[in-house]
Engineer: 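Shown below is the structure under consideration.
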Amino acid sequence: MRPNWELKNCCNHEQVVFLVTVSVCTVVIFALWRTVLLRPFKLVTVFLHEASHAIACKLTCGHVEGIQVHADEGGTTQTRGGVYWLILPAGYLGSSFWGMVLILASTNLLTARIAAGCFVVALLVVLLVAKNWTLRGLCIGFVVFLGVIWVLQETTKVRILRYTILFIGVMNSLFSVYDIYDDLISRRVNSSDAEKFAEVCPCPCNGMGWGIIWGLISFLFLCGAVYLGIVILS
């Protein structure tokens with residue numbers, strides 16, 4: 001069957017549920033933005049940011065010496081070797097990309113199960129290289145959290161695995177865009193990835209410029225995830 005790229009005869013029941021759920025997740029996230037309830041999910045975004053740095057390092061034949069996620073929603077990844085100008089943007093853009101992947105995975109129960117399983121495996125792998133207890137606690141906590149959600153999905157009438165994956169995806173996408181704005185555009189942290197990238201990239205663009213570019217790309221990932229989700233559910 002040819003994909004319904006033009007979204008003809010939109011929207012069916014599944015598409016409406018998807019759009020409403022994304023909207024509800026967005027409202028809930030903004031309403032609880034500065035509360036402790038969202039802290040674990042923000043730290044997950046930081047985790048995916050740092051994990052994306054590590055993945056880019058490994059893909060470019062570098063070595064990952066350690067990963068840290070801090071309680072103040074910061075993080076660091078110690079790397080050696082690899083292609084530096086690919087490793088630097090991989091954090092912000094990678095976390096946005098994984099947010100898009102999770103949103104799309106939530107459109108089907110099978111892909112939601114696969115996403116949850118892969119997420120658990122990634123958490124367990126990072127647990128082995130974690131350098132501080134905030135990250136270790138985050139990995140263990142989310143492994144347990146996703147395990148409980150999975151058990152409820154498979155053994156009870158509480159069918160929330162897809163919605164949990166969708167919420168994590170939306171949270172990750174929104175926080176990635178906010179993090180880029182806060183770190184790279186409004187405050188312009190001198191030691192940020194964008195400032196470092198501006199130093200090694202021959203393009204005539206400063207850190208703020210790269211922050212704006214990365215922010216637009218991250219926002220396009222979010223918009224693309226919603227659009228592709230509607231197409232998949234056509």
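Nothing here was measured: the structure is a model prediction, and the numbers come from that model. For reference, positions follow the sequence shown, starting with 1.
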Engineer: Let me confirm one number: the CG-OG1 distance from Leu102 to Thr111, rounded to the nearest 0.5 Å.
Structural biologist: 10.5 Å
Engineer: If you compare all heavy atoms of Leu86 against all heavy atoms of Pro89, which two are closest, and at what distance to 0.1 Å?
Structural biologist: O-CD, 3.4 Å
Engineer: Decide yes or no on side-chain contact (heavy atoms from CB on, under 4.5 Å) for Asp179 and Thr45, but give the supporting numbers first.
Structural biologist: CA-CA 10 Å; Asp179 209 25; Thr45 302; over 6 Å; no
Engineer: Determine whether His49 and Asp193 satisfy the following criterion, side-chain contact (heavy atoms from CB on, under 4.5 Å), listing intermediate values before the conclusion.
Structural biologist: CA-CA 11 Å; His49 175 113; Asp193 295 341; 3.5 Å; yes
Engineer: Taking the six-membered ring of Trp210, is NZ or CZ of Lys196 closer than 6.0 Å to its centre and within 45° of its axis?
Structural biologist: no
Engineer: Parallel under 30°, tilted from 30 to 60°, perpendicular over 60°: which one fits the rings of Phe41 and Phe167?
Structural biologist: perpendicular
Engineer: Measuring only between side-chain heavy atoms, which start at C-beta, is Phe221 closer than 4.5 Å to Ser173?
Structural biologist: no
Engineer: How far does CD of Glu154 sit from CG of Leu161, to the nearest 0.5 angstrom?
Structural biologist: 7.5 Å
Engineer: Keeping the roles fixed (side chain from Arg39, backbone from Ala71), state whether a donor-acceptor pair exists under 3.5 Å.
Structural biologist: yes
Engineer: Using a 4.5 Å cut-off on heavy atoms from C-beta on, say whether the side chain of Met100 contacts that of Phe97.
Structural biologist: yes
Engineer: Please find the pair of heavy atoms, one from Leu43 and one from Glu73, that lie closest to each other, and give the distance.
Structural biologist: CD2-CA, 3.9 Å
Engineer: Who else is in Val121's hydrophobic cluster (ILVMFWY, side-chain heavy atoms under 4.5 Å, direct or via others)?
Structural biologist: Val125
Engineer: To the nearest 0.5 Å, what is the distance between CG on Leu104 and CG on Leu166?
Structural biologist: 10.0 Å
Engineer: Can you name the residues that form a side-chain contact (heavy atoms from CB on, under 4.5 Å) with Leu128, not counting sequence neighbours?
Structural biologist: none
Engineer: With sequence neighbours left out, what residues match Glu14 under side chain to side chain donor-acceptor pair (under 3.5 Å)?
Structural biologist: none
Engineer: Establish whether Val144 and Val69 are linked, either directly or via other cluster members, by ILVMFWY side-chain heavy-atom contacts under 4.5 Å.
Structural biologist: yes
Engineer: Look at the side-chain heavy atoms of Ile, Leu, Val, Met, Phe, Trp and Tyr, link any pair under 4.5 Å apart, and say whether Val177 and Ile29 land in one connected group.
Structural biologist: no
Engineer: Do Tyr227 and Leu19 share a hydrophobic cluster (ILVMFWY, side-chain heavy atoms under 4.5 Å, transitive)?
Structural biologist: yes
Engineer: Could you go step by step and tell me if Ile230 and Gln15 meet the side-chain contact (heavy atoms from CB on, under 4.5 Å) rule?
Structural biologist: CA-CA 6 Å; Ile230 298 173; Gln15 291 170 318; 3.3 Å; yes
Engineer: Could you check if a side-chain atom of Gln153 sits within less than 4.5 angstrom of a side-chain atom of Ile160, using non-hydrogen atoms only?
Structural biologist: no
Engineer: Between Ser96 and Leu222, does a side-chain contact (heavy atoms from CB on, under 4.5 Å) hold up when you go through it step by step?
Structural biologist: CA-CA 7 Å; Ser96 300; Leu222 174 58; over 6 Å; no
Engineer: Do Leu124 and Phe142 land in one hydrophobic cluster if side-chain heavy atoms of ILVMFWY residues count as linked below 4.5 Å?
Structural biologist: yes
Engineer: Does Tyr181 have its ring centroid less than 6.0 Å away from the ring centroid of Tyr178?
Structural biologist: no
Engineer: Can you confirm whether Leu127 sits close enough to Leu123 that some side-chain heavy atom of one is under 4.5 Å from a side-chain heavy atom of the other?
Structural biologist: no
Engineer: Heavy-atom distance under 4.5 Å between the side chains of Leu48 and Asn172, does that happen here?
Structural biologist: yes
Engineer: Enter the distance from Trp5:CH2 to Leu228:CG here, rounded to the nearest 0.5 Å.
Structural biologist: 6.0 Å
Engineer: Please report the interatomic distance OG1(Thr60) to CD1(Ile55), rounded to the nearest 0.5 Å.
Structural biologist: 11.5 Å
Engineer: Any side-chain donor paired with an acceptor under 3.5 Å for Ser95 and Ser176?
Structural biologist: yes
Engineer: For a quick test of reading the model, state the closest non-hydrogen atom pair linking Ser234 to Leu7 and the distance between them.
Structural biologist: OG-CD2, 4.1 Å
Engineer: Tyr163, Leu37: one ILVMFWY side-chain cluster at the under-4.5 Å cut-off?
Structural biologist: no
Engineer: Please examine the side chains of Val46 and Phe175, heavy atoms only from C-beta on, and report whether any two atoms are closer than 4.5 Å.
Structural biologist: yes
Engineer: How long is the gap from CD1 on Ile67 to SG on Cys57, to the nearest 0.5 Å?
Structural biologist: 9.5 Å
Engineer: For Ser106 and Phe18, work out which heavy atoms get closest and say how close.
Structural biologist: OG-CE1, 4.3 Å
Engineer: Heavy atoms only: give me the nearest Ser218-Leu93 pair and the separation to one decimal.
Structural biologist: OG-CD2, 4.1 Å
Engineer: Determine whether His53 and Thr79 make a side-chain contact, defined as any pair of heavy atoms from C-beta on separated by less than 4.5 Å.
Structural biologist: no
Engineer: Would you say the side chain of Leu135 lies within less than 4.5 Å of the side chain of Gln68, judging by non-hydrogen atoms?
Structural biologist: no
